[in-house]
Amino acid sequence: MLDINLIRNNPEIVRSDLEKRGDKEKLLWIDEILELDREWRKLKSKTDELRHRRNKVALEIGILKKEGKDASEKIKEAAEIPKEIEKLEEEMKSKREKIDYYLKRLPNILHESVPVGEENVPVKFVGEKPEFDFELKSHIDLVESLNIGDFERAAKISGSRFFFLKGKLTVLDLALQYYAMEFMLRRGYKPIYPPYMMNRKAYEGVTDLRDFEDVMYKIEDEDLYLIATSEHPLTAMYMNEILNPDDLPIKYCGISACFRKEAGTHGRETKGLFRVHQFNKIEQIVICEPEESWKYHEELLKNAMDLFESLKLHFRVVNICTGDIGTVAAKKYDIEVWMPVQREYREVVSCSNCTDYQARRLNIKYRTKEGNKFVHTLNSTCIATTRALVAILENFQTPDGSITVPEVLRKYTGFKKIEKEK
RNA sequence: GCCGGGGUUGCCGAGACUGGAAAGGCGCGAGCCUGGAGAGCUCGUUCUCGAAAGAGAUCAAGGGUUCAAAUCCCUUCCCCGGCGCCA
């Protein structure tokens, strides 16, 4: 959420940001917000005046009664005021609701380095594109031929985009999680398990409202939603708190399953592990003072890059453009791993600096000499196991159809190779 | 799920029965004092509107009663204790 004061005092900043995004609809909102805000403030000073009078009279009644004098005149006067207040309050409420509607939907102010347009800009390439002298199998074919997973039966009981992992592939998934957790632990990030469900109020603080409908699974008859990523509970956990600056930065390594509806992607990649309704993810979270957030944004990216480099996967980093960035992040990097079967770079990591956008919605502040200020929140994938598994299966396959386990994971799997299982 | 006790400002904590200006302490900040430090004293320490003076809001959340609610009534959430159920 944006600061209403920013729109009041520097509407041109907000306008030029929306122009950069090419969002003509929301551009029109600014004047409307300013007008509603003017009206709201007028009503506020009127109602405050009425309240002031009511409070004064009520106090006088108290004094008269204490002295044993007749207060019926004053009581009659005071009884009239609440009706007037109520009328004005209704008007104020409707203005406020309209302002909030717009405010909640206005996107964050972008960092100046965000590329304008529909093209993400590659900023870094790591490793070499691998060459293969045999015919490659897709990860789906590999899973099925090695009997290390089952898509058909998962579809039978749960629907498409669900999966069973079996045997050594299950072990590999857990090995990735443990390896990533330990990797982050060594870099000073505290491992943490969040609740897998969260209520609506907390959810609205962390996510884009349109995503909310397309992505979230709702629990029937409960005010609860399955988390789409541990970023959400781990950021929302400090809702309505004022943090001690000595406790900052907070660095977490979230470990959880993630649940996503993937509405609006019918027909695209309905089978396999790439786009699924449920997967495991190790996430990086930083909550820090505003002055430090750009430093930590680079740190989060570095952590994820180092991890993928240690797995010996070839990837590139892209700076996400205005057309793709969404409403919450001020700047976002993706890591895209080379998938040799599709001959494409595909997203495996998303690394965002949300600046004070989530903090303002969630009301998370920290104490400073100049008063309480909003913190900055950042998040990045460390590893989402299913997409990493796709990359590993396709990049580490051998001519005989087996899979070589990446060196760094062997200590956790206890085996070097995945061959056809019974 | 049932019974009982709770939720007050950054933290602790009084006020509730009997409605009438959110006590006191700690922490933090500014100032006075000091050769310096400490102690002591004074002021400040949430949000909103306002150029300011000032005003309003705020006692878990929401509603009700009342001229007036932290205080009385209702609903919901959360915490603690006991009982029940349970991997």
Which of these nucleotides, C67(B), G29(B), G50(B), is closest to any side-chain atom of Arg8(A)?
G50(B)
Round to the nearest Å and state the distance from Lys201(A) atom NZ to U76(B) atom P.
19 Å
Starting at CZ of Arg200(A) and ending at C1' of A61(B), how long is that distance when rounded to a whole Å?
18 Å
Taking protein heavy atoms under 4.0 Å as touching, what does nucleotides 9-22 of chain B look like 5' to 3' if B marks base contact, S marks sugar-phosphate-only contact and - marks none?
-S---------B--
What class does the angle between the rings of Tyr225(A) and Tyr203(A) fall in, given that below 30° is parallel, 30 to 60° is tilted and above 60° is perpendicular?
perpendicular
Whole angstrom value for the distance that separates P of U48(B) from CD1 of Ile99(A)
14 Å
Is there a Watson-Crick or G-U wobble partner for A55(B) with both distances under 3.5 Å, and which nucleotide is it?
U48(B)
Are the aromatic ring centres of His376(A) and Trp294(A) under 6.0 angstrom apart?
no
To the nearest Å, how far apart are Ile81(A) CD1 and U66(B) P?
16 Å
Walk along nucleotides 51-60 of chain B from 5' to 3' and tag each nucleotide B, S or - by protein heavy-atom contact under 4.0 Å, base first, then sugar-phosphate.
----SSS---
Checking N1-N3 plus N6-O4 or O6-N4 for Watson-Crick, or N1-O2 and O6-N3 for wobble, each under 3.5 Å, the partner of C32(B) is G40(B)
If pairing requires Watson-Crick or G-U wobble contacts with both distances under 3.5 Å, which nucleotide is the partner of A60(B)?
U76(B)
Are Tyr178(A) and Tyr412(A) near enough that their ring centres are under 6.0 Å apart?
yes
Counterpart base for C83(B), defined by Watson-Crick or G-U wobble contacts under 3.5 Å:
G1(B)
What is the distance from CD of Glu89(A) to P of C49(B), rounded to the nearest Å?
16 Å
Tell me which nucleotide, if any, is Watson-Crick or G-U wobble paired with A14(B) when both distances must be under 3.5 Å.
none
Counterpart residues, salt bridge (charged side-chain N to carboxylate O under 4.0 Å, His left out), relative to Asp100(A) (two or more places apart)
Arg96(A)
By nearest-nucleotide position on RNA chain B, the 5'-leaning member of Lys76(A) and Lys365(A) is Lys365(A)
In whole angstrom, what separates Tyr366(A)'s OH from U46(B)'s C1'?
17 Å
State whether a side-chain donor-acceptor pair under 3.5 Å links Thr385(A) with Lys281(A).
no
So does Glu19(A) pair up with Lys26(A), basic N to acidic O under 4.0 Å?
no
Note: Lys201(A)-Glu204(A) ion pair, threshold 4.0 Å (strictly below):
no
Determine whether the side chains of Tyr333(A) and Lys331(A) contain a donor N or O and an acceptor N or O closer than 3.5 Å.
yes
Verify salt bridge (charged side-chain N to carboxylate O under 4.0 Å, His left out) between Glu336(A) and Arg346(A), making sure each step is shown before the conclusion.
CA-CA 5 Å; Glu336(A) 299 180 332; Arg346(A) 309 252 8 222; over 6 Å; no
Re A23(B): Watson-Crick or G-U wobble partner, both distances kept under 3.5 Å, found to be none
Distance, rounded to the nearest Å, where Lys46(A) contributes NZ and U48(B) contributes C1':
18 Å
Between Phe259(A) and Phe279(A), does the ring centre distance come in under 6.0 Å?
no
How many Å lie between CG on Asp37(A) and C1' on G50(B), as a whole number?
13 Å
